[in-house]
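To find a chain, count down the sequence lines: A is the first, B the second, and so on, and within it residues start at 1. On a predicted model such as this, the values are computed, not experimentally measured, just so you know.
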There are 2 protein chains.
Amino acid sequence: MEVSRTAETIMDMAEMLIQTRGYNSFSYKDISEAIGIRNASIHHHFPSKTDLGVAVVKRYTLRFGQELHRLASDDSLPTMTVFERYLDPYRMLSDSQQRVCLCGSLAGEFLALPEEMRDQVNAFFAEHQSWLKAIFERALQTGEFDLPETPAKTAKLVLAALQGALLIQRSMGDIEEFDDVVASVKAMLTRNGSA
Amino acid sequence: MEVSRTAETIMDMAEMLIQTRGYNSFSYKDISEAIGIRNASIHHHFPSKTDLGVAVVKRYTLRFGQELHRLASDDSLPTMTVFERYLDPYRMLSDSQQRVCLCGSLAGEFLALPEEMRDQVNAFFAEHQSWLKAIFERALQTGEFDLPETPAKTAKLVLAALQGALLIQRSMGDIEEFDDVVASVKAMLTRNGSA
DNA sequence: GTCTATACAAAGATAGAC
DNA sequence: GTCTATCTTTGTATAGAC
């Protein structure tokens, strides 16, 4: 999917705006003023706002997905290290104090999204749950982790906690929220000091 | 704070619309059409949309807060029972398949909210974290629970997980998401079979 | 307290010149 | 590919009659 440099810049800005304000709380004007281009020019690259929204979520999910695949394919690393690397993108969001996960933000206005975007958000969460489940299964077999529940249910808990932590951290202005949740998650995963 | 029956009906509808679509994704028209009243009549009760939004969040937080206080003051109940009753309102949202927590929804568009509303959302999360911390401390002393981390950090994890679970459940259309997360949370809290 | 009418701004989108 | 100009709809809000 080849796109021009301008289209990439537009998507970068749209991604940031969705992460900070939400899909229905930003306008083409926000983008045009931020990157010095006219409203109509954005429509040239993305005819409708839905087109832009779908492109941004697809790119985000793809980018994240490639990282997931890269991480899971390295068998030499301890599972806890793999998990910590998985957390890196979240931690960058946490450090920003402004952004949350793109799909976490979109989930709050899910029923007000165009159908195509809803499908993409759904796919993002499904992919992450599935990935977490897989590494938890592996760590359970090797004895690295000691889970409170099945890998599937534990994966659901962890994903929900990470997404919720970013949202709550920003709402409370509590810079330790995310790290505290991660500390609890890690302790939960290695209850017997197994790691 | 005395309010007319009409004002209550307007707030009921606004609450539902925020929970399903988000604050910036509903309009006075949505309310006027749903409850059979004119746009201008809503402005009579709530001059600005900010006034309406603030009133809705305040009412929601107050309603929830009274329930928290009632629950925590009953010393005769096992802590797990208290925790399960705390989950009841969340489970109603989970069953709805449409609504999420009002503040969980607002958290996604936090930076696009009027300042007064942001303060209220912050207060809601702070109150719930504090309440969970208190009952976890109690259960730790009585030996009912066995926490992975400090009561404060565990409380942060639990609140984040519940909020995240509702958002993800709706996005994925997975009716078991919330129950699965709760099952993991309960198992985590009673790791030694302490309950 | 509710209504009709209307003002005003913002947002998404299109036409057509350059 | 970007621009100016414009259209249309929607959304918040107000004035004033009933």
Side-chain angles (χ1 to χ4, degrees), chain A residues 1-57 105-106 108-109 111-118 120, chain B residues 1-57 59 105-106 108-109 111-118:
Chain A
M1 195 198 292
E2 292 297 315
V3 283
S4 70
R5 188 68 253 281
T6 304
E8 287 286 352
T9 305
I10 292 167
M11 282 193 280
D12 290 342
M13 189 52 59
E15 182 175 308
M16 190 269 276
L17 286 165
I18 295 172
Q19 288 180 307
T20 52
R21 305 176 53 82
Y23 178 74
N24 285 307
S25 300
F26 86 88
S27 70
Y28 274 34
K29 192 184 174 198
D30 295 323
I31 295 178
S32 68
E33 289 178 349
I35 69 178
I37 198 176
R38 291 296 182 166
N39 184 319
S41 302
I42 304 175
H43 279 285
H44 170 75
H45 295 280
F46 301 97
S48 76
K49 192 179 176 185
T50 297
D51 295 325
L52 174 56
V54 170
V56 168
V57 187
S105 174
L106 293 173
E109 52 187 336
L111 297 176
L113 298 177
E115 192 173 351
E116 261 191 284
M117 287 184 72
R118 285 191 290 219
Q120 287 296 316
Chain B
M1 196 199 291
E2 291 296 315
V3 283
S4 69
R5 189 66 253 282
T6 304
E8 288 286 353
T9 305
I10 292 168
M11 283 193 279
D12 290 343
M13 190 53 58
E15 181 175 308
M16 192 269 277
L17 286 165
I18 295 172
Q19 289 180 305
T20 51
R21 305 175 53 82
Y23 179 74
N24 285 308
S25 301
F26 86 87
S27 71
Y28 273 35
K29 193 183 173 199
D30 294 323
I31 296 178
S32 68
E33 288 178 349
I35 69 178
I37 199 177
R38 290 296 181 166
N39 184 320
S41 302
I42 304 176
H43 279 283
H44 170 76
H45 296 279
F46 302 97
S48 76
K49 192 180 176 184
T50 296
D51 294 326
L52 174 56
V54 170
V56 168
V57 187
R59 189 183 66 158
S105 175
L106 294 173
E109 52 186 335
L111 297 175
L113 297 178
E115 191 174 350
E116 261 191 284
M117 287 184 72
R118 285 191 291 220

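Across A:L111 and A:R118, no two heavy atoms sit closer than the pair O-NH1, 3.8 Å. Shortest non-hydrogen contact noted between A:A55 and A:F46 is CB-CE2, 3.8 Å. Here the closest heavy-atom approach between residue B:M11 and residue B:L52 is recorded as CG-CD1, 4.1 Å. Shortest non-hydrogen contact noted between B:L106 and B:L113 is O-CD1, 3.7 Å.
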Sequence neighbours left out, cut at 3.5 Å: what donor-acceptor pairs do the side chains of residues 36-44 of chain A make with other protein atoms?
residue	atom	partner	partner atom	Å
A:H43	ND1	A:P47	O	2.8

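Residues that satisfy the side chain to side chain donor-acceptor pair (under 3.5 Å) test with B:T6, not counting sequence neighbours, are absent from this structure. Looking at residues two or more places apart in sequence or on another chain, you find a side chain to side chain contact (heavy atoms under 4.5 Å, CB included) between A:M16 and A:M13, A:T20, A:R99. Applying the side chain to side chain donor-acceptor pair (under 3.5 Å) test to A:S25 and every residue at least two apart in sequence or in another chain returns B:N24. For B:R59, the side chain to side chain donor-acceptor pair (under 3.5 Å) criterion is met by B:E8, B:D12, B:E15, not counting sequence neighbours. Residues passing the side chain to side chain donor-acceptor pair (under 3.5 Å) test with B:T50: none are found, sequence neighbours excluded.
Listed by first then second residue, pairs satisfying salt bridge (charged side-chain N to carboxylate O under 4.0 Å, His left out) with a partner in residues 17-28 of chain B number zero, not counting sequence neighbours.
You can see that DNA chain D meets the heavy atoms of chain B within a 4.0 Å-exclusive cut from D:dG11 to D:dA15, reading 5' to 3'.
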Restricting to nitrogen or oxygen on both sides, can you table the protein-nucleotides 11-13 of chain C pairs closer than 3.5 Å?
residue	atom	partner	partner atom	Å
C:dG12	OP1	A:K49	NZ	3.0
C:dG12	OP2	A:Y28	N	3.0
C:dA13	OP2	A:K49	N	2.7
C:dA13	N7	A:H43	NE2	3.2

(request) Go ahead and write out DNA chain D as dot-bracket, 5' to 3': ( ) for pairs within the strand, [ ] for ones crossing earlier pairs, | when the partner sits on another strand, dots for unpaired; Watson-Crick or G-U wobble, both distances under 3.5 Å. (result) ||||||||||||||||||
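For the pair B:F26 and B:K49, the minimum side-chain heavy-atom distance is below 4.5 Å.
Heavy-atom distances under 4.0 Å link DNA chain D to no residue of residues 9-18 of chain A.
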